[in-house]
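Worksheet: one structure, shown below.
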Amino acid sequence: MANNDSPTPITILWATQTGRAKACARRTIRLLHSVSHDTLASDIHTRGRCAFDDIDFLSLGSQQQQQQQLLILFVSTTGDAEQPSTIQNTWSKLLSKSLPHNLYSNVKFALFALGDRAYGPDAFCAAGRKLAARLVQLGARPVCALGYGDDGSLNGGVFADLDVWLEGALFPVLRRDNAELVVAEVSSGSVKRSMAVVEDNLPYEVTVIQPSNRSSPYNYNGEIQEWQQREFSQHYCKYFQHGCPTTAYQYNDQLGRTTQQKSSSNIPNNNNAPLLGRVTVNKRITADDWMQNTRHIKICITQSMDKNPPTTPGNDCQTLPYQAGDVATILPSNPSTLVDHFISVLPLSIRRVANATLHIQHTPNHSTTTMNHPWPTKCTLRGLLFHCADLQSLPEREDLFALSRYCKMRHPEGKDQRNKLISLSETSGAALYGDYIVREKRNWADLFYDFDSVRWEEKRSDDRDVAGHSNGEGRKLTISDLLTLLPSMAPRHFSIASSPSFSKLESSTCNENEAGFEIELCVAVVEGDTPRGRPYVGCCSGYLASIEPGDTGAVASDAGDTVRLWIHPGSFSKLPLNPLNVGQGGASSRYFETPVMCVGAGTGVAPLRSLILEREAQRMSNIGNASPSNGIGNGDDDDNILVFGCRKRSKDYYYSTEWENRADSNRLRTIPAFSRDQKHKLYVQRALREADDGELIARHLLERGGAVYIAGGSKMARAVKDEIVEALGARLDGGEKDAKRLLNKLKRKGLFSIEAWS
């Protein structure tokens, strides 16, 4: 690389589901700048950014040029060893067999894969390993060993592993080649947008176009919120579109699901606007004296944000509005108390215009300009903080480094606070960061409160604020700076717990006089106290739990607590629904050709309930409510089996009455595992292993040709999968090797799938 006449371009891309890979890329960019100043031939310059799926990745190899390119890639693994949503389109194109083997012959790459060893060795960093292997097949050459980041690593998690990889693998290569580098930064369009700022010019220009004397123009008492007001709604709608999952369904004016069309452009279109719904049921389904508050929430969806409410009552569309096993992606808002507290710890110059109308635009030709605008172009700061800024997220270490430059040296604690922020951002301070941020759940409001030199403003004799620049005294925090620092609100994903066919069969609709459809969620509220007694509540679960059920006749767009969401396919998109052929089952009481076993724990029951209800609806629509004549429980005639784990039958056995009624009518076999109802803990993997004298797994998969769906925590999912592999290995000639091969075959057919989370 050192012999090239022009600088070697470096393109940094990341694929992430939660933002962790992006944080690694941000850290790498800053450290690359530091390395270039110290040991390389010239500085690194950030050229621009766009998302993995927002560029034509194949064109990086098809360009006819002599100059080598270097890609630095950060790839997370999600779900059942799958690629995250921000790279799925690119990944599907890379798998095409028609691609030439020398497509990336002019490309070198370094790849850092992120994962969690709790998912098992096969799934750990699987997405990154697969991408690296495919790039090599297409002619690309790795410049260093593959890096692995484990969420469970001591003293910093993936960031500790990242620093080891940078200093031990990547940076030595760059120093050796003495490369001249130009960096093109690539970001994800659907995760938190936050970047360490090291230059004085900012990516946003903010103009106050309409001052206001209102103290608080909106609250959560059912009033119209800013994003719903005519003056601002189109600007918020355009912003919300950036949170749309790439596989989200599209709906017509009557809320009929249409054929999904993925856009190759990164410019948002109206079809990405969120659906609007209102909560009609919000009830606790755990015992009142139980430590966990889990809610059953029903949401009536009545329109899309960019469309008027449908004029035709009911939903006569032949296509179901969603499928069993789908996922609802919710875009939450912050509580008003948090927004008020955050505004109170901002500089006075910002507080004065918190309720003023702002115009926000990109700085022309700024190095971080993207085609995706990260904030509404017209809003108030208060409204933006309510609905767009992820104030409850934990600041990343690069955020702390970026914030350090705003500590004022003239403040009595300014120098110490700056040094502390810098220490917290480094890997050597990982333990301190873990204690201060992670374990104590400190959010952005806490950070600004603790480091008060950030908001300190020195006054001139004429009572005007001193203009802020990076002159060694600490930069003044302006609204433009604030928007550069704050992360964008990240949508949260919840498996849908209802079945569209069952809801239709039961005539469970929003209102007989309006169009729309309902979805149901099972939401465990994330809440508790930190080691130092600080209370905390999850952003989206707390948001949903706080919503009071509304009038079933209300219009979503006129309701104060309107929920914004998208619906997209989940991990269980190939549920077998074919009925058993006449005569195929003999005297069996089965209805379906393929029996299904659902295994889950906790709120993992949500998608499993959706699958069971969908199959029940299919059966009822053909043969009615008649119960099977034979008893369920011998393992031979069971259409549906549910293996469910929780702590106590009387406390957190979600939907227990529903399961018991179906079991009594021979429509479901239940195998519960209550871990704390006996002296020795009983988990789902053990209950599954011991069922039918240890024969259930092999009989279900090998003899009955059944399907298995697993949902819940990653450790549980891994343990259940290990039990299945062991049980099958004992029956198959090739042992566990053949067992894994069989599961992979079933996975390709959609008959074995895992939806797990950490």
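This is a predicted model, so every value here is computed, not measured. Values below: every heavy atom of this structure, side chains too, minus hydrogens, waters and symmetry copies. Starting from 1, each residue takes its place in the sequence as its number.
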Row check, Phe401 ring normal vs Arg30 NZ/CZ: under 6.0 Å, within 45°: yes
Residues Asp151, Arg117: salt bridge by 4.0 Å N-O rule: no
Polar contact flag, side-chain donor to acceptor under 3.5 angstrom, Glu398-Ser425: no
Under 3.5 Å donor-acceptor, Arg278 side chain and Ile299 backbone: no
Minimum heavy-atom distance between Lys715 and Ala118, given as atom pair plus value: CG-CB, 4.1 Å
Sole residue of Lys441, Arg532, Arg534 in salt bridge (charged side-chain N to carboxylate O under 4.0 Å, His left out) with Asp446: Arg534
Whether Gln417 side chain and Ser453 backbone form a donor-acceptor pair below 3.5 Å: yes
Between Gln225 and Trp227, a side-chain donor and acceptor under 3.5 Å: yes
Residue Glu231 excluded, over 12 heavy atoms near CD under 6.0 Å: yes
Cation-pi check, Lys378 onto Tyr236 ring (under 6.0 Å, within 45° of axis): no
Test: Lys476 and Asp481 ion pair at under 4.0 Å: no
Main-chain N/O of Tyr406 paired to Lys408 side chain as donor or acceptor, under 3.5 Å: yes
Asp161 side-chain N/O to Asp150 backbone N/O, donor-acceptor pair under 3.5 Å: yes
Any donor-acceptor pair under 3.5 Å from Thr329 side chain to Arg492 backbone: no
Heavy-atom donor-acceptor pair, Gln361 side chain to Val206 backbone, under 3.5 Å: no
Heavy-atom neighbours of Tyr536 OH exceed 12 at 6.0 Å: yes
Backbone N/O of Arg405 and side chain of Arg475: donor-acceptor pair under 3.5 Å: no
Side-chain H-bond candidate by donor/acceptor type, Thr380 with Asn355, under 3.5 Å: no
Modelled atom types, side-chain donor and acceptor of Thr286 and Arg284, under 3.5 Å: yes
side-chain contact (heavy atoms from CB on, under 4.5 Å), paired with His387, selected from Cys379, Pro376, Ser333: Ser333
Test item: side-chain donor near acceptor, His359 and Thr207, under 3.5 Å: no
